[in-house]
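We number each residue from 1, following the sequence as shown.
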Amino acid sequence: MSIKINYLNKNISKSESNLVLFSNEKFNISAIKKHLSNLEFSYIYDLLKTSDLKKNMFVFEVNSKKKIILISIKKDLKEFDIENLGAEFFKRINYGKNSEYYINSDSLISKQENFLGHFLHGLKLKSYEFKKYKTKKETRIISITLIGTKNKPSTHNQLKFKALEEGTFYARDLVSEPGNILHPDEYAKRLSSLRKDGLKINIYDKKKLKKLGMNALLGVGMGSIRGSYLVTMEWNGAKKNSKPLAFVGKGVTFDTGGYSLKPARFMEDMTYDMAGSAAVVGLMKNLALRKAKINAVGVVGLVENMVSGVAQRPGDIVKSYSGKTIEVLNTDAEGRLVLADALTFTEEKFKPKFIIDLATLTGAIIVCLGSEYAGLFSNDDNLSKKIILAGKKVEEKLWRMPLHKNYDKLMNSKNADMQNINYVGGAGSTTAAQFLQRFILNKTPWAHLDIAGMAFSKYGGALNSGGATGFGVRLLNNLIEENYE
């Protein structure tokens, strides 16, 4: 199934099938009488008198060929409310054989800026499916045509939403791929193809990483027959001397836990342990497609955490890119090892305005926040406030968690500069973030988003139908739009 959006700058005959109209929250339809035949108006008017008007929309079967869908617009809707309304509309039309709908933009009474742009954006996001490996292909196309002469999204806004959708869907596609397909070698290959979108791509393979001294990252991938990589994606849409915004993602394409082996139950979900990197990739694709007027860099560490005769052992000590040594007490605390090298490298090479990293880092954050909020850890109050506000605007919510020097003692090692877990217990997400903070060497404003509870949804959410969510792409895009362009 796919969605096709068409735009007509005119009205059409009232006899057209499947008409979508808008009313106020009380379902007062006198204002849209001109868009209906007298018979249709009387029919709908009579039904509404005996209906529960607390609903957002009604579907009226006028005859065997025509439906009229009436959507109420409540006062003071936020942008994400409108997108959720679009998603609800999609759920209503995603059944049966009807495939053509006409949305009358002239019936829209809301003064909310770009209402229909957000409405269609929510619809498109909800329509996403990952059925690449289904042998029986669904060929149904739902055609949605905007008619009328008012309230249409501008061409600029159409392109902006399209770029954001493509970036989000690309991130979802990456997370949805099985581990036997999207291993680090294939992932790096796919990222190289993003050059066609205007991104500058640099791929550091195992040989280059070893020369750079990225032994923390390389240690995680030692047990895999696949390569390990660090990939940088640069978008230069502003002045050359402008400091870039930096985004770093954990890309563990499959995580067995290594010798600290995970339980078999739910291990199949560990294909999404690269969701942080997918969010960074989707964001960078979106920025390139919409030609964002900023400089930005995305950095992802791509590894596969496997068990073999040459895999990293609990108790091993590695020297990170920063020069600091790490005692690896648990090979399943691997994401922080990947990010440790990636963070220091990003700070040193690009000297960014800030660094935001995203990772499905700890199960502990799910214990704390469930699947409603991602955890936010930061060394900068101003950056934190901006990220939280951006999350509220797109309903990708964040809750700020503590960092404090007293947690450092839980990560100190007798044998090296630090250890990768704390055996005292408790504060699992905070000590992981405290570990990462040690690799920000020059006081660059930094935020860590632990998205373990948000990257994948078995049951679906407001704007996704289950599976990969693409969490982070829209959040960070809004952060950039509102504060840095």
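- Remark: Leu70 CG to Leu21 CG distance equals 6.5 Å, nearest 0.5 Å.
- To the nearest 0.5 angstrom, Asn94 atom CG is 5.0 Å from Ile142 atom CD1.
- For Lys200, the NZ atom sits in a loose shell: 12 or fewer heavy atoms of surrounding residues, nucleotides or ligands are nearer than 6.0 Å.
- Counting heavy atoms from C-beta on, the side chains of Ser99 and Arg140 come closer than 4.5 Å.
- For Asp106 (side chain) and Lys150 (main-chain N/O), a donor-acceptor pair under 3.5 Å exists by modelled atom type.
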Derivation and outcome, side-chain hydrogen bond (donor to acceptor under 3.5 Å, both in side chains), residues Asn478 and Glu396 | CA-CA 11 Å; Asn478 185 273; Glu396 291 193 348; over 6 Å; no
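- Scanning all heavy atoms of the two residues, the minimum distance from Ser23 to Ile109 falls at C-CD1, 3.7 Å.
- Note: Phe80 and His118 fail the aromatic proximity criterion, with ring centroids not under 6.0 Å apart.
- Sparse packing is recorded around CG of Asp76, with 12 or fewer heavy atoms of other residues, nucleotides or ligands lying under 6.0 Å away.
- Within 6.0 Å of atom NZ in Lys196, more than 12 heavy atoms from other residues, nucleotides or ligands are found, so the atom counts as buried in its surroundings.
- In this structure, Tyr229 has its ring center at least 6.0 angstrom away from the ring center of Tyr187.
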Verdict with supporting geometry, Asn6 and Leu8, side-chain contact (heavy atoms from CB on, under 4.5 Å) | CA-CA 7 Å; Asn6 310 295; Leu8 287 178; 5.8 Å; no
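- Contact annotation: the side chain of Lys291 approaches that of Trp235 to within less than 4.5 Å [non-hydrogen atoms, C-beta and beyond].
- A distance-only check finds no donor-acceptor pair linking the side chain of Asn464 to the backbone of Thr469 [under 3.5 Å].
- Listed for the Asp52 side chain is a donor-acceptor partner under 3.5 Å among the backbone atoms of Lys54.
- Taking both residues in full, the closest heavy atoms of Leu302 and Ala188 are given as CD1-N, 3.9 Å, listed atom of the first, atom of the second, then distance.
- Remark: Ser378 OG to Lys385 NZ distance equals 11.5 Å, nearest 0.5 Å.
- For the side chain to side chain donor-acceptor pair (under 3.5 Å) test, residues two or more places apart in sequence or in another chain that qualify with Glu88 are Asn56.
- Counting non-hydrogen atoms of other residues, nucleotides and ligands closer than 6.0 Å to NZ of Lys262 gives a total above 12.
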Go through Phe350 and Thr232 one step at a time and tell me if the side-chain contact (heavy atoms from CB on, under 4.5 Å) criterion holds.
-> CA-CA 10 Å; Phe350 297 104; Thr232 64; 4.1 Å; yes
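- The closest side-chain heavy-atom distance from Phe89 to Val20 is below 4.5 Å.
- Here the side chain of Glu334 pairs no donor or acceptor atom with the backbone of Gly257 at under 3.5 angstrom.
- Remark: the backbone N or O of Ser30 is paired with a side-chain donor or acceptor of Asn28 at under 3.5 angstrom.
- Checking side-chain atoms of Asn18 against main-chain N and O of Glu100 turns up a donor-acceptor pair under 3.5 Å.
- For the pair Ser42 (side chain) and Leu39 (backbone), a donor-acceptor distance under 3.5 Å is absent.
- Of the possible polar contacts, one joining the Gln158 side chain to the Pro153 backbone as a donor-acceptor pair under 3.5 Å is found.
- Residues Lys126 and Ala462 share a closest heavy-atom pair of CD-O, 3.4 Å.
- Closest non-hydrogen pair, Ile68 versus Lys66, comes out as CG1-CE, 4.1 Å.
- Of the possible donor and acceptor atoms, none in the side chain of Asp255 sits under 3.5 Å from a partner among the backbone N and O of Met270.
- Put simply, the residue from Leu361, Leu358, Ile365 that forms a side-chain contact (heavy atoms from CB on, under 4.5 Å) with Leu449 is Leu358.
- Taken from CG in Leu475 to CG in Leu389, the straight-line distance is 10.5 Å, to the nearest 0.5 Å.
- Nearest heavy atoms, Met274 versus Thr253: CG-CA, 3.8 Å.
- Proximity of Ile3 to Phe90: side-chain heavy atoms (C-beta onward) are separated by under 4.5 Å at one or more points.
- The shortest distance between side-chain heavy atoms of Ile103 and Phe22 falls below 4.5 Å.
- Leu476 pairs in a side-chain contact (heavy atoms from CB on, under 4.5 Å) with only one of the listed residues (Val394, Asn286, Leu245, Ile356), which is Ile356.
- Put simply, the side chain of Thr430 never gets that close to the backbone of Ala427: no donor and acceptor are under 3.5 Å apart.
- Note on Arg400 versus Asp381: salt bridge recorded, some NZ/NE/NH1/NH2 to OD/OE distance being below 4.0 Å.
- Between Glu61 and Tyr43, the side chains place no donor N or O within less than 3.5 Å of an acceptor N or O (distance only, hydrogens not considered).
- Of all heavy-atom pairs between Leu48 and Ile29, the closest is CD1-CG2, 3.8 Å.
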With side-chain contact (heavy atoms from CB on, under 4.5 Å) as the test, would you mind laying out the steps for Phe115 and Leu77 before giving the verdict?
-> CA-CA 10 Å; Phe115 182 99; Leu77 289 179; 4.2 Å; yes
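- Between Tyr407 and His404, the angle of the ring planes goes over 60°, which puts this pair in the perpendicular group of the 30/60° scheme.
- No salt bridge links Glu79 with Arg474; every basic N to acidic carboxylate O contact stays at or beyond 4.0 Å.
- Between Lys250 and Asp273 there is a salt bridge, since at least one side-chain N of the basic residue sits less than 4.0 Å from a carboxylate O of the acidic one.
- In this structure, Phe247 has its ring center under 6.0 Å from that of Phe354.
- Environment of OH in Tyr133: crowded, with over 12 heavy atoms of neighbouring residues, nucleotides or ligands closer than 6.0 Å.
- Residues Lys160 and Leu164 form no side-chain contact, since every pair of their non-hydrogen atoms from C-beta on lies 4.5 Å or further apart.
- With sequence neighbours excluded, the residues satisfying salt bridge (Lys or Arg N to Asp or Glu O under 4.0 Å) with Glu166 are Lys162.
- In this structure, the separation between OH on Tyr7 and CD1 on Ile147 is 14.0 Å, given to the nearest 0.5 Å.
- Using a 4.0 Å cut-off between a side-chain N of Lys or Arg and a carboxylate O of Asp or Glu, Asp173 and Lys132 do not qualify as a salt bridge.
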Go through the steps for Asn84 and Glu395 under the test side-chain contact (heavy atoms from CB on, under 4.5 Å), then give the verdict.
-> CA-CA 10 Å; Asn84 290 349; Glu395 212 177 22; 3.1 Å; yes
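- Applying the 6.0 Å contact sphere to CD of Glu138 captures more than 12 heavy atoms from other residues, nucleotides or ligands.
- Within a 6.0 Å radius of CG in Asp46, more than 12 heavy atoms belonging to other residues, nucleotides or ligands are found.
- A salt bridge is defined here as a Lys NZ or Arg NE, NH1 or NH2 lying under 4.0 Å from an Asp or Glu carboxylate O, and Lys393 with Glu481 fails to meet this definition.
- Of the inter-residue distances, the one linking His35 atom NE2 with Leu19 atom CG reads 8.5 Å to the nearest 0.5 angstrom.
- Two residues are said to be in side-chain contact when any heavy atoms from C-beta on lie closer than 4.5 Å; Leu85 and Ile73 meet this criterion.
- For the pair Lys134 and Glu129, the salt-bridge criterion is not met [side-chain N within less than 4.0 Å of a carboxylate O].
- When side chains are defined from C-beta on, Leu53 counts as touching Phe58, because their heavy atoms get closer than 4.5 Å.
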